[in-house]
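Note sheet for the following structure.
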Amino acid sequence: MADTILTTSVAEAVAILASGGLVALPTETVYGLGARADDSRALARIFEAKGRPADNPLIAHVASIEQVGDVVLSIAPYARDLMERFWPGPLTLVLPVREDMPSQLTAGLQTVGVRMPDHALTRAVIKALGVPVAAPSANRSGRPSPTTWEAVREDLEGRIDAILQAGPTTVGLESTVVDCTGDVPVILRPGAITLADLQSVHPEARQRRPDEAAHRSPGLRHRHYRPDAEVRWVGPFDTDTSGTGEAAPDPTEAKHAASASYIGLHDPPDPLRYVRIEIAPSLAAYARSLFHFFRLSEADGVRSIHCERVPCEGLGQALTDRIDRASGSE
Ligand code: TXA
Ligand code: MG
């Protein structure tokens, strides 16, 4: 494929998508790799460009609630309530798919994930295209999701047609995925829209049970982010319990001491050992920085990325999920 075009033009992005091309698009969560959702050849190219397993379905992005009908058969009343409350925003709803949609969109499932991203440029692209845009995160499969256009270029240069350039993403973790095909909403992947947020609209919303995971959200079967650096939990190091929560020293650690990085909410007890440290002023800032920090740490050549443990609730649940998966502990 020819060089990847860098552009800030909505019209150019629309023209490329319209003719079956692949364009990376900014959203509030992470950059997505877009193709028109009704074009099976374009969808097949997404899987090829990313090296994505064929059994992992894509999310269809819409610019309006009306457009959901282009991909979805029916919408449960509570799902419509969630759309009205949280869209545009980091919430993907899994709904019954229309029979005329390409099988690549759903990886052969009877359902499809749909979301309206909170990014004006990308909504303008989808609106002008007039067709929903399928977009997984715009990383090579197994790499951290890209939160900047430069990270997209790092992974996909020469493999995709264009990147619509915009600023860094504001949320930094992928959307909350919620199964809306049953009686109540069920969270399949935690994100910035939390269980408490969903319960404020539908009190019976719940988490998936561990045994429900694999068949309902195929993406959860695949290991996310296999870095050269190991990712591991440390802490928590909050001021009241300084140091007491630290993981037991690892006998192999001494030789890696000079090549570790640290991200967390609090100062680590042993700052001198780290070549890179990021202290996030809030959970939201921790979430926003995490994937970028992984990439920076890799570029530094660190062997080990230490992430401070956070309470597994609210946004902390999404952070815990991503760090668990990166560390291989889930
Ligand atoms: O924030 C996001 O969701 C970003 C931006 C670009 O919108 N997209 C994203 O896409 O993270 P991706 O492909 O990296 O993750 C999609 C997740 C996967 O875990 C996939 O298995 C799940 O959504 N998913 C998609 N369709 C599904 C379906 N029909 N049933 C269950 N899970 C589904
Ligand atoms: Mg992804």
Side-chain angles (χ1 to χ4, degrees), residues 22-35 37 43 46-47 49-62 71-73 86-98 101 103-119 122-123 125-126 132-147 149 151-152 155-156 164 166 169-182 185-193 208 212-226 287 291 318 321-322 325-326 330:
L22 303 187
V23 182
L25 299 166
T27 83
E28 79 282 31
T29 58
V30 300
Y31 276 71
L33 178 56
L43 299 178
I46 289 183
F47 286 86
K50 282 187 58 114
R52 184 179 177 95
D55 65 350
N56 198 357
L58 307 175
I59 293 173
H61 294 69
V62 295
V71 285
V72 154
L73 211 50
F86 296 112
W87 281 5
L91 178 66
T92 295
L93 303 179
V94 173
L95 295 162
V97 70
R98 267 171 51 158
M101 296 314 289
S103 62
Q104 289 87 351
L105 180 64
T106 61
L109 298 175
Q110 308 295 307
T111 56
V112 63
V114 188
R115 105 174 176 96
M116 189 195 299
D118 189 9
H119 199 291
T122 291
R123 282 209 311 282
V125 167
I126 301 166
V133 169
S137 51
N139 50 281
R140 288 293 285 269
S141 202
R143 300 267 303 138
S145 292
T147 56
W149 68 260
V152 177
D155 277 17
L156 297 175
L164 183 59
T169 61
T170 53
V171 174
L173 300 180
E174 309 88 341
S175 62
T176 308
V177 178
V178 178
D179 183 354
C180 294
T181 61
V186 177
I187 297 182
L188 302 178
R189 176 176 76 181
I193 302 291
R208 68 181 162 91
E212 290 176 325
H215 73 282
R216 283 204 162 164
S217 200
L220 300 178
R221 283 200 301 266
H222 301 288
R223 171 88 181 272
H224 275 233
Y225 184 47
R226 292 176 303 268
F291 291 144
D321 170 76
R322 301 313 187 275
R325 289 205 260 163
E330 194 182 271

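Owing to the predicted nature of the structure, the values given are computational and were not obtained by experimental measurement. As the structure lists them, so they are numbered: ligands from 1, and atoms in each ligand from 1.
- The atoms of ligand 1 that sit less than 4.0 Å from any heavy atom of L109 are 28 (C), 29 (N), 30 (N).
- With hydrogens and angles disregarded, no donor-acceptor distance shorter than 3.5 Å links the side chain of S137 to the backbone of N139.
- Looking at V97 against ligand 1, nothing comes within 4.0 Å, counting heavy atoms.
- Contact atoms of ligand 1 toward T111: 28 (C), 29 (N), 30 (N) (distance under 4.0 Å to a heavy atom of the residue).
- Salt bridge present: E28 and R115 bring a charged side-chain N and a carboxylate O closer than 4.0 Å.
- With hydrogens and angles ignored, the 3.5 Å screen pairs no side-chain donor or acceptor of R140 with any backbone N or O of L156.
- Counting heavy atoms under 4.0 Å from ligand 1, residue D179 does not touch it at all.
- Using a 4.0 Å cut-off between heavy atoms, T29 contacts ligand 1 through its side chain alone, with no backbone atom that close.
- Using a distance-only test at 3.5 Å, with no hydrogens or angles considered, no donor-acceptor pair links the side chain of T122 to the main chain of L25.
- Backbone or side-chain N, O or S atoms of S141 do not reach the Mg ion (ligand 2) at under 2.8 Å.
- Here atom 9 (C) of ligand 1 lies nearest to S137 when heavy atoms of S137, G32, P90 are compared.
- The atoms of ligand 1 that sit less than 4.0 Å from any heavy atom of V112 are 29 (N).
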Go through it in stages, so that I can follow the logic: the residues are L58 and R52, the test is side-chain contact (heavy atoms from CB on, under 4.5 Å), and I'd like the CA-CA distance, side-chain angles, deciding distance and then a yes or no. CA-CA 10 Å; L58 307 175; R52 184 179 177 95; 3.7 Å; yes
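- A donor and an acceptor atom, one from each side chain of R189 and T92, are nowhere located under 3.5 Å apart.
- Within the 4.0 Å heavy-atom cutoff, T106 does not count among the residues contacting ligand 1.
- Considering each of H61, K50, R52, the one bringing a non-hydrogen atom nearest atom 13 (O) of ligand 1 is R52.
- Rounded to the nearest 0.5 Å, atoms OG (S141) and CG (N56) are 7.5 Å apart.
- Close approach to V177 involves these atoms of ligand 1, each under 4.0 Å from a residue heavy atom: 23 (O).
- Residue P136 approaches ligand 1 through these ligand atoms, each under 4.0 Å from one of its heavy atoms: 10 (O), 12 (P), 13 (O).
- Among R189, H119, E174, the residue whose heavy atom lies nearest to atom 15 (O) of ligand 1 is R189.
- For D155, the side chain to side chain donor-acceptor pair (under 3.5 Å) criterion is met by R143, R295, not counting sequence neighbours.
- Per-residue contacts place N56 under 4.0 angstrom from the following atoms of ligand 1 (heavy atoms of the residue considered): 18 (C), 20 (C), 21 (O).
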After noting the C-alpha distance and the side-chain angles of W87 and L93, does the key distance pass the side-chain contact (heavy atoms from CB on, under 4.5 Å) rule? CA-CA 11 Å; W87 281 5; L93 303 179; 4.1 Å; yes
